Amino acid sequence: SDVCSSDLNTMPPQVPTRSSYLEERALMMWPRLDRRALARCNGDVARITRLVSKRTALPPQSIRAILLGHREADEELWFG
């Protein structure tokens with residue numbers, strides 16, 4: 001029997017963690033971010049926001065809203 005196919009059937013599906021999602025989103029929006037520094041943020045939105053704020057003129061509230069998406073952003077922040 002084929003070992004590779006049996007291994008694929010027994011492996012659980014990989015679900016992205018919140019930290020990896022935020023890191024991927026940050027890199028998508030700001031591709032020149034230091035990947036090591038981003039990894040040290042451990043998915044903490046506040047730490048990622050501080051890191052990104054060194055690279056952009058956007059206010060921290062806007063960076064946080066971009067990272068989290070519109071569903072989890074602060075309600076008083078409106079891009080209207």
Side-chain angles (χ1 to χ4, degrees):
S1 105
D2 189 80
V3 174
C4 292
S5 64
S6 66
D7 287 345
L8 290 176
N9 292 332
T10 59
M11 291 179 62
Q14 185 142 357
V15 177
T17 63
R18 179 178 169 93
S19 64
S20 67
Y21 168 78
L22 290 174
E23 290 171 9
E24 288 175 18
R25 191 156 171 90
L27 285 171
M28 181 177 60
M29 298 304 296
W30 298 279
R32 295 177 133 200
L33 281 177
D34 180 355
R35 291 175 186 262
R36 287 186 203 155
L38 185 59
R40 286 192 300 268
C41 292
N42 294 322
D44 182 0
V45 178
R47 292 175 70 185
I48 295 173
T49 300
R50 279 194 301 274
L51 177 67
V52 171
S53 68
K54 296 175 185 177
R55 309 266 324 179
T56 183
L58 288 172
Q61 298 88 352
S62 298
I63 296 169
R64 186 175 191 277
I66 291 169
L67 288 172
L68 295 176
H70 69 284
R71 286 173 272 152
E72 296 183 41
D74 295 334
E75 296 207 9
E76 73 266 2
L77 182 65
W78 183 64
F79 291 104

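Since the model is a prediction, treat every value here as computed from it, not as a measurement. One-based numbering along the sequence shown. What's counted below: heavy atoms across the whole structure, side chains too, no hydrogens, waters or symmetry copies.
- Of all the heavy atoms in Gly43 and Glu23, the pair that sits closest is N-OE2, 4.1 Å.
- Across every non-hydrogen atom of Leu33 and Val52, the tightest pair is CD1-CG2, 3.8 Å.
- You'll find the side chain of Trp30 stays beyond 4.5 Å of the side chain of Leu51, heavy atoms only.
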Notebook entry, point to check: Does the pair Leu68 and Leu22 meet the rule for a side chain to side chain contact (heavy atoms under 4.5 Å, CB included), with working shown?
Noted result: CA-CA 7 Å; Leu68 295 176; Leu22 290 174; 4.0 Å; yes

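- Of the possible donor and acceptor atoms, none in the side chain of Asn42 sits under 3.5 Å from a partner among the backbone N and O of Asp44.
- Remark: side-chain polar atoms of Arg35 are not paired, donor with acceptor, to backbone N or O of Leu27 under 3.5 angstrom.
- Of all non-hydrogen atoms in Arg55 and Arg32, the two that sit nearest each other are NH2-CB, 3.2 Å.
- Cys41 and Ile48 make their closest contact through CB-CG1, 3.6 Å (heavy atoms, listed as atom of the first residue, atom of the second, distance).
- Closest approach of Ile66 to Met29, counting heavy atoms only: CG2-CG, 3.8 Å.
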